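For reference, the structure discussed in these notes is given below.
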Amino acid sequence: TSNTPENDAQVKTGDDTNANAQPGTKVVIGFSAPAADHGWIAAITANAKAQAQAYSDVELRSVEAGADAAAQRAALATLISQKPNVIVMLPHDGKELNATGLEAMRAGIPVVNLDRAFPSAAAYRLQIKGDNYGMGLAAGMYIGEQLKAKGASNPIIGEIPGIDSLELTQERTQGFNAALAVYGFKVANRRPAEFTADTGQAAATSLLQALPKMDALWNHDDDQGIGVLAAIKQANRSEFFMVGGAGSKAAIDAIAKDDSVLKATVTYSPSMASSAISLARLIGQGKGMSDLVELQVPKEIMLASETITKENAAKYAKLGF
Amino acid sequence: MITEAAPPEVRSERRRGIDESVLRNLGLVGVLIILVIIGAATRPDLYSDPTWVKNNIFTILQQASAIGVVTVGMTFVIIGGGIDLSVGAIIALAGVWATTLATQSYGAGGMIFTALVVGLVVGLINGTLISYGRLVPFIATLAMLVSARGLAAQISGKQTQVSANDTINNIATTRLLGIPLLVWMLALVVAAGWVLLNRTTFGRRTVAVGGNPEAARLAGINVKLHTVLLYALSGLCCGIAAIMLTSQATSAQAAMANLYELDAIAAAIIGGTLLSGGRGTIIGALFGVLVFSTITNLFAINNLSTEVQNMVKGGIIVAAVLIQQFRFRSLTHLLKR
Amino acid sequence: MITEAAPPEVRSERRRGIDESVLRNLGLVGVLIILVIIGAATRPDLYSDPTWVKNNIFTILQQASAIGVVTVGMTFVIIGGGIDLSVGAIIALAGVWATTLATQSYGAGGMIFTALVVGLVVGLINGTLISYGRLVPFIATLAMLVSARGLAAQISGKQTQVSANDTINNIATTRLLGIPLLVWMLALVVAAGWVLLNRTTFGRRTVAVGGNPEAARLAGINVKLHTVLLYALSGLCCGIAAIMLTSQATSAQAAMANLYELDAIAAAIIGGTLLSGGRGTIIGALFGVLVFSTITNLFAINNLSTEVQNMVKGGIIVAAVLIQQFRFRSLTHLLKR
Amino acid sequence: MTDPVLRLTDVVKTFPGVRALDGVQLEVTAGEVHCLLGQNGAGKSTLIKVLAGVHHADGGEITWQGEPFAPATPQAAMRAGIATIYQELDLVDDLSIAENAFLGHEESRFGFLRRTSTASRTREILARLGHPEIPARQLVRTLPAAGKQIVSMARALSHDAKLIVMDEPSAVLAHDEVENLFRIIRELTAQGIAVIYISHRLAEIREIGDRVTVLKDGRTTAANLPARTTPTRELVGKMTGRSIEYVFPPRTAKDLADPILVVEGLTRAGEFADASLTVAPGEIVGIAGLVGSGRSELLETIFGARPADAGTVTLDGHRITGVGAAVSRGMGMAPEERKSQALLLDEPVYKNMTLASFAGFARGGFTAAKDERAAALRTADSLELRPRDVDRPARTLSGGNQQKVVVGRWLLGKTRLLLLDEPTRGVDVGARAELYQVIHGLAADGVGVLLVSSEVPEVLGLADRVLVMREGHLIHEAPADELDEDTVLDLVMAGSLLEGEPA
Ligand SMILES: Nc1ncnc2c1ncn2[C@@H]1O[C@H](COP(=O)(O)OP(=O)(O)OP(=O)(O)O)[C@@H](O)[C@H]1O
Ligand SMILES: Nc1ncnc2c1ncn2[C@@H]1O[C@H](COP(=O)(O)OP(=O)(O)OP(=O)(O)O)[C@@H](O)[C@H]1O
Ligand SMILES: [Mg+2]
Ligand SMILES: [Mg+2]
């Protein structure tokens, strides 16, 4: 998430004991993720490419999908016509690309859906999801616990989500609200940003102005969090603590150093792209996951959202993106 | 005193007058051909397969269909001296409204009716604000953009609404005489737009209202009412586009058709419509849309990364306009000699 | 033959001429006051604290600072008969370029210099394409928008680039005589813009070039060169804004300043600038920007949800323009009697 | 005489700060040509706009065919049978001639145009106007100003009108075209249609007019004078409140120095060819010719506003290749079309006047508005600008006063060679005399003047030397006192572009 030159992707390197790591039949994997000038999406694409590199039997054909669902549909149409063995896609919007998933499956190409679910189960072979609701839940739980420990009775909690019209944002907010409700707390003010640092700064500035005193703040995204933290510094505020989201390297470093209001972040890791490529390879070769009894890869996998704090930051340092 | 034949200059004047718009369009056809040649040169494997080529043409046309319909409406508004920044938002509102569970319960007819009426009504509001509220079109439709997207988000609860109606969803997959239904719809709207602009009093008055509003008023045209109708027409086109897009995505959401306003305005202008009003062609606007969707297609088959795509796209747009101008100027030069 | 004293009408005419733009601005001040009153009425708890109110004013001004600087440049371009859709993209490119590790190694001076030069050069390219390439401004700057954002993404590797330079980052926190540095910068740019437009030959040429380019040309003004300078000016303002934004966000990225073009154009037009060129005021544009950032502030302190915010915002914009027109018309009416 | 079809009593119309009409009386009878005479800004155009439903009178009474009449919209006036040819061309450039003629009352079936019948009806009207050669389906954009004026007339004739109002229809027409216009007017009046005719050319009024009403400062100062017999002195007196002793200042003998402007073999394909001429300091050179003979194009090319295909222009020995060079070397041009080529309509008069010279007033890039305003006021005085207010927007000036602003622009600053294209178009008699004085004054100060005018007497009266242009060629050159009007007309008339070559 920063302009540090070494940008090591999250890759699972094969260990020799795993039979699945041995080269098998060649698999052509088609890959498509939306274009976004966002660290998380950039990391998704980078991870997928790096993981494919790690296998000698995988050829990755990645098609960039422009700015919206329509563009991605067009890109996938050309991809399907090239008949890859498996398609891995992070759809712009699961519902809007459901028809494309169905089309590929009907053409006999197994589809691995990354992150944004298709409503129709026939539209995918495997679904790997981050847990948006769980992410909100984790953030809410952390904040609830901390505030309860401080004995706050009627705390003022702020929230800075990302693009508000996205469903994933809605899910995160729902999870957050559900967790706070457990403690009898609720959000006092919510100012959406757009997943970028400059909008994060603007949203946070507004929020801080609207809440002259605050106890806790959840910012959904560490990338926009750069701006949020800047705004907090500019407003000279420190009476509250903040929880981030996604788990960027910069955020994890800041938590470890413990020199700002940022005390924790809840993960939503782009490492799912690496896993998706590994599993797509197995699907293409007709293999299962070797630790499981089943002969085939399961249909759905949901990553757990983990909470990174000062205590465990060192462990996660390598997973930051 | 008077001879029957027009003096030679006068006739050449006239030939040139007709050639102006035809040449412009020819220029755009040239740009399209160049784009296709680049496609064939970079991906000979794909272009050597005739079935693929045929399908690719349909893909390009289908991609162009919704934005093409919007551009027809936009072209009218711009020729009439206005601008409509709310087209994307109208599509979103119409699409979302048409796919609420309540609307879907009325079936395909109810959904289509809803989309069209929502588009029309929003267009009428735009037009009324501009004509009778005397708001600048830019501001009025910008305000509408913001409001309509907000209302769409409210109605949809910020969720993507899935269309469960097969009739609607099948619009995007049906073919008629081997040609996709969406392409037929585009063709129909373009043809209707052409006739409306060039062969009806409404169209001619549109040119007058945009070209010289004072003259239009002095000639007894109700400029305000006409302006309202222009925005209503644009809204109606958005309603049609909303159905087309909803069918393609089998769903609608508040953020759909994002920035369509920019694409539609750009296509109209590349097609030779004056942003200041009073001049424009429907066929040119169609070519403008096709240039954009062919560029997108070219990028897709060559799998350019988004950032390279964007860097190149700006260059292609500039080149396209320059080619068009070059052809235009040098040819009229030849004709003049 | 000629009487020495001007007839009485003459003087009243002149008074009215001045009142027109002043009244428009007064209208916007009225709108601002109404917005503040609504704020105070809905959140008396906050507004009863003078320190908070002072801070709030600074917050509003700081939020307005970067877009305000961009709007000054945009106002010049529009008055000069053009439009610049690439401002947001120029900010992104300048910001990203200024925060690469290589640039940061030259320190704050190097970063500022880079941002300004990038802005200026992109502006010069815009202007050259438009003046000498004869591209329509809308298309040329739209192409630049796409290309510059693409290049910014390429340079940044689509990553958010953090500024490690404290001098830059401190711009957003420094205060001078109790007033934030960003506000001083905005004030300076607005003042310079006002002088440039109203008191210099450059400003006079701008009005002439936008009002009637043919007349300007026949009066010996180098219209093409002047047009280039206008876009360069806008680019330079974007470079300044890039520094301001980078300092505020302590980082830059390819998607920053998204849709600033729409905001800047809207602010200029609300402030009384004619989209067709030839007329406009810098002070009005500033008020336009302030109206928008005050609306955002009002929404924030009342914790409105995004969708309600948007629905209401469109209405407020329409109401603001209507109020302004109403005041304007009724007051001139009173003056007439 | 029969009962008047139109009667205006005490009509008042105010604009913010101006009483444009301040008690106008007018009566027009069927079948007569009623001329309106008045200085620039007297209120003539305002008056006819009230009749046409464009403006609404603030007071007074209008009766039309015996009924009280107050048209709310232009449409209402047209329906009542009043058609208008406006002073400013009111056409839509991107519509065809036929579409312009029938704009607002198109021939249509279910909203679809009947293009063939529209075109043939337009052709009929054009033929009636003496221009069967103008193609009805051609875009108006391609027509020169004179052609557009003919389309405006065609539009008026396309209505079934009982009164046709013509606001300076002859301003952009050449001699032969005016004859044509008069023929039409006679046809109309023979059918009992009344015509209100506005012109600043007294000769025209004498030829076509029946009765004259004179306006001054928005008031009727004389009504229903016989057009043919009222002495000029009386008409001018009622208009201006003073008498004009002479029109053209007496020519003085000059010893001419070497030419300041030398044009050699200048050519633009399709417009003019091989034009060579010189102008000496202090000399006034006039170019006579018909509309469409290419005089404007020649002037604009000399000025550097159009690139030449061949030939050279030198000013004081320096090649002129562009407007910038021309202006900085002291050349100035007052173009033909004031609205599209010269004026910033929303800007105050003084800024329009100093458009070419504000940089000269400026100090270090900062403009000196006070000096500019003062200089503009001086020019306004010498040209009799009415009202004498340099702060009002140019848009609110009457047509003739706008023309004065355009010419006045080049009286400021250090102009050494002045190109004037139809400088007196729409300017009233009094102001015209002032303008002539000013031009002579300039020449006396050593400024060279190259003048284009469609009014032959003006060229002959004002110039020292006359060039005659026909179809893009300079065909004759002679000192002005060796030519008379008939000779020039004969030279010029050998072929008018608008009419085509004689077979
Ligand atoms: N829209 C307007 N707003 C303000 N003043 C106006 C407007 N139109 C005309 N006037 C003023 O009304 C007066 C009469 O103008 P009008 O155009 O009727 O003169 P005119 O007799 O037609 O002159 P000309 O011979 O120059 O055409 C002038 O003083 C003019 O400045
Ligand atoms: N009836 C016509 N139809 C089409 N083009 C014409 C017509 N008459 C003239 N033109 C074009 O206009 C050009 C010259 O017109 P213009 O009227 O500017 O000449 P001019 O001598 O300056 O006349 P004036 O200044 O009196 O109007 C010619 O090159 C010719 O091509
Ligand atoms: Mg007049
Ligand atoms: Mg001419």
Side-chain angles (χ1 to χ4, degrees), chain B residues 81 83 85-86 89 125 129 133-158 254 259 261-263 265-266 268-270 273-277 288 304-322 325 329, chain C residues 81 83 85-86 89 125 129 133-158 254 259 261-263 265-266 268-270 272-277 288 305-322 325 329:
Chain B
I83 197 155
L85 294 183
S86 65
I125 297 175
L129 284 174
R134 301 216 211 165
L135 291 181
V136 201
F138 191 95
I139 295 297
T141 57
L142 182 68
M144 182 55 81
L145 184 172
V146 182
S147 288
R149 286 228 184 258
L151 184 56
Q154 179 78 22
I155 290 176
S156 66
K158 298 187 218 169
L259 296 187
E261 48 276 11
L262 273 188
D263 292 350
I265 298 171
I269 293 180
I270 284 203
T273 300
L274 273 191
L275 193 50
S276 51
L304 291 191
S305 74
T306 323
E307 58 271 27
V308 176
Q309 252 182 51
N310 284 343
M311 290 190 310
V312 176
K313 189 172 176 183
I316 294 185
I317 296 175
V318 169
V321 179
L322 287 179
Q325 276 179 0
R329 260 190 265 152
Chain C
I83 196 156
L85 295 183
S86 65
I125 297 175
L129 284 175
R134 303 216 209 166
L135 291 180
V136 200
F138 191 95
I139 296 295
T141 57
L142 182 67
M144 183 54 84
L145 184 173
V146 181
S147 288
R149 287 233 184 254
L151 184 57
Q154 178 77 24
I155 292 176
S156 66
K158 302 190 212 169
L259 297 186
E261 48 277 11
L262 274 188
D263 291 350
I265 299 172
I269 294 180
I270 285 203
T273 299
L274 270 191
L275 193 49
S276 51
S305 73
T306 326
E307 58 274 23
V308 176
Q309 243 181 60
N310 283 342
M311 291 189 309
V312 176
K313 189 173 176 182
I316 294 186
I317 295 175
V318 170
V321 179
L322 287 179
Q325 278 178 0
R329 261 190 265 151

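This is a predicted model, so every value here is computed, not measured. Quick note on labels: first sequence line is chain A, next is B, and so on, each numbered from 1.
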What side-chain donor-acceptor pairs closer than 3.5 Å can you find for residues 142-149 of chain B, not counting sequence neighbours?
residue, atom, partner, partner atom, Å
B:Ser147, OG, B:Ala143, O, 3.3
B:Ser147, OG, C:Met311, O, 3.1
B:Arg149, NH1, B:Ala254, O, 2.8
B:Arg149, NH1, B:Met256, O, 2.8
B:Arg149, NH2, B:Met256, O, 3.1
B:Arg149, NH2, B:Ala257, O, 3.2

Which distance, rounded to the nearest 0.5 Å, do you find between the [atom1] of [X] and the [atom2] of [Y]?
X: C:Ile139; Y: B:Ile317; atom1: CD1; atom2: CD1; value: 7.0 Å
X: B:Ile269; Y: C:Leu135; atom1: CD1; atom2: CG; value: 11.5 Å
X: B:Phe138; Y: C:Leu274; atom1: CZ; atom2: CG; value: 13.5 Å

Proximal component of [X], with respect to chain B [non-hydrogen, under 4.5 Å]:
X: C:Leu129; value: side chain
X: C:Ala266; value: both
X: C:Leu275; value: side chain

Portion of B:Leu85 that has a non-hydrogen atom of chain C nearer than 4.5 angstrom:
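Only the side chain of B:Leu85 comes within 4.5 Å of chain C.
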For B:Ile83, is it the side chain, the backbone, both or neither that has a heavy atom under 4.5 Å from a heavy atom of chain C?
neither
Audit row: C:Leu259, B:Leu259, side-chain contact (heavy atoms from CB on, under 4.5 Å) steps and yes/no:
CA-CA 10 Å; C:Leu259 297 186; B:Leu259 296 187; 4.1 Å; yes
